[in-house]
Amino acid sequence: MPDIVVRPMKDGDQDGYYSVRSLTYNNGDPYPPERMQLAGEGHRSFVAEVDGKIGAVCDVLDLSSTRGQAVLPCGGVCGVAVAPDMRRSGVGTALMSWLVRHMRETSTPVSSLYAFREPFYRKFGYEVAGMRLRVMCPTTRWPKFESRLPVWRTTPGGWRELTDCYAAFAGSRSGLVIRTEKQWQRVLGENRQLTVYVIGKPAEAYAVVSHSTAFWTTDHVSEVAWSTRAGYEGLLGMLEGLAINKAGLSWFEPSDGPFYFEYLDQGCQITVERPVMYRITDVPAALRGLSPSSDVSGEFVLRVEDRLIPENEGPWAVRFASGSVEVAKAAEDPWDVSMNVRHFVQAFQGEPGIDHLLKNGIAIASTGSALNAFRTLLPPQATYCMDFF
Ligand SMILES: CC(C)(COP(=O)(O)OP(=O)(O)OC[C@H]1O[C@@H](n2cnc3c(N)ncnc32)[C@H](O)[C@@H]1OP(=O)(O)O)[C@@H](O)C(=O)NCCC(=O)NCCS
């Protein structure tokens with residue numbers, strides 16, 4: 001077993017960091033010196049030294065992610081790479097094991113990532129939560145609407161017009177990033193020119209479109225969000241115009257998006273794509289970060305199994321009232337609700353919610369009233385992320 005030391009990247013690591021990175025993410029081509037930067041604000045880079053030489057790298061984007069109205073610090077893990085000649089010798093395992101603890105120690109109670117394969121990240125307590133549906137609607141099956149909302153066009157520079165609509169969309173779901181200006185620019189600053197179509201003034205929906213002039217193709221709309229039903233209908237109405245010389249359009253919706261329930265027709269295709277995995281790195285901090293409605297209260301004792309971070313196990317006496325949550329260490333027995341940390345993140349985010357986990361024997365609950373309190377604090381909620389990293 002090699003000697004592996006994982007640590008934050010520092011000045012002087014650039015050659016080693018970018019050489020490992022290029023073999024996975026830049027076709028083996030060297031990065032130009034001007035791109036070989038240390039990470040900037042909101043972005044952390046890490047290296048694993050293997051017998052004194054940088055053999056693995058990864059990055060964490062400092063995000064803020066929703067759980068309904070609550071917004072929690074979330075580390076978006078990306079750019080995980082082990083030098084090809086050092087793979088399958090435990091380096092990736094050492095890197096990820098260190099990283100989840102490091103996020104906990106640096107006030108990042110939630111983490112998310114897009115996995116190359118999910119089982120690798122399950123070993124570190126991550127689990128898939130939520131569903132991203134790709135809706136593909138042929139032009140010939142387009143639902144009909146009469147929308148009275150104005151439709152107007154802006155550029156990525158007009159992102160401020162979208163933030164309230166986006167915040168309403170994100171704040172009624174889990175797992176979405178509350179974007180900073182820099183993050184909006186990252187999302188809307190693709191290499192190609194993007195056009196934003198806005199429905200309503202102020203915006204009640206929007207679509208980000210990378211225009212293609214080809215006829216009778218099926219084009220993908222980069223991003224859609226809506227804050228009202230009228231906004232959603234206006235959005236589909238606007239997209240019908242875009243689809244007029246296309247075979248169809250596709251776009252992503254969360255699992256609670258209306259298309260499947262309301263407008264499905266033969267020929268439309270709904271597929272689940274690009275799952276996101278989440279992990280709770282700090283169970284008590286994540287629970288304290290919730291924002292229950294001020295008119296609900298309850299208490300339960302939670303036990304979480306977490307082999308990598310035993311400090312998460314509790315059991316935790318959780319009490320919520322007047323809009324805030326208190327969490328204290330409880331006695332070993334008795335507990336009310338118990339599950340593995342991978343399933344806790346699912347219940348925490350809300351999809352699959354606690355009842356689905358119980359039904360499948362994945363979580364265990366002992367008493368009805370405590371379980372009701374758990375459900376009240378962590379109700380089922382569609383979980384979704386529109387930021388890719
Ligand atoms: C994915 C990646 C980060 C994993 O890192 P790694 O160092 O190869 O991972 P590990 O060695 O810790 O574990 C990988 C496998 O090797 C096995 N392994 C670990 N040490 C071993 C050893 N000494 N001998 C044999 N097998 C070993 C592990 O059990 C694991 O097996 P699994 O497939 O059953 O899970 C790395 O392979 C990589 O960079 N891949 C290309 C880029 C990529 O896909 N990145 C992920 C982006 S999300």
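Whatever order the structure lists ligands and atoms in, that order sets their numbers, starting from 1. Counting from 1, the numbers follow the sequence of the chain as shown.
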Under 3.5 Å, is there a donor-acceptor pair linking the side chains of [X] and [Y]?
X	Y	result
E204	T228	yes
R303	S338	yes
E161	T154	no
Y232	E253	yes
R192	S222	no

Quick one: does K123 get a heavy atom under 4.0 Å from ligand 1? yes

Stepwise side-chain hydrogen bond (donor to acceptor under 3.5 Å, both in side chains) test for S147 and E233: CA-CA 7 Å; S147 171; E233 293 186 355; over 6 Å; no

Nearest heavy atom to atom 2 (C) of ligand 1 wins, so pick from V82, L95, I4. V82

Please work out which of R122, R88, M277 has its closest non-hydrogen atom nearest to atom 16 (O) of ligand 1. R88

Is it the case that over 12 heavy atoms from other parts of the model lie below 6.0 angstrom from the [atom1] atom of [X]?
X	atom1	result
R307	CZ	no
F116	CZ	yes
E146	CD	no

Geometric N/O contact [X] with ligand 1, under 3.5 angstrom:
X	answer
F116	no
G90	yes
G92	yes
T24	no
R117	no

Run the numbers for me: atoms of ligand 1, each under 4.0 Å from some heavy atom of [X], listed by number.
X	answer
Y25	45 (N), 47 (C)
Y114	48 (S)
F120	4 (C), 9 (O), 13 (O)
A81	39 (O)
V91	7 (O), 12 (O)
T93	10 (P), 12 (O), 13 (O)

Going by the side chain to side chain donor-acceptor pair (under 3.5 Å) test, name the single residue among R67, R173, E351 that passes it with Q381. R67

Would you say atom 45 (N) of ligand 1 touches the protein, meaning some protein heavy atom is under 4.0 Å from it? yes

Considering heavy atoms of the protein only, find what lies nearest to atom 38 (C) of ligand 1 and give residue, atom and distance to 0.1 Å. R87 NE, 3.3 Å

What protein heavy atom is closest to atom 43 (C) of ligand 1, reported as residue, atom name and distance in Å? V80 O, 3.9 Å

Can you list the steps and then say if K144 with E240 is a salt bridge (Lys or Arg N to Asp or Glu O under 4.0 Å)? CA-CA 9 Å; K144 300 284 174 213; E240 184 178 18; 2.6 Å; yes

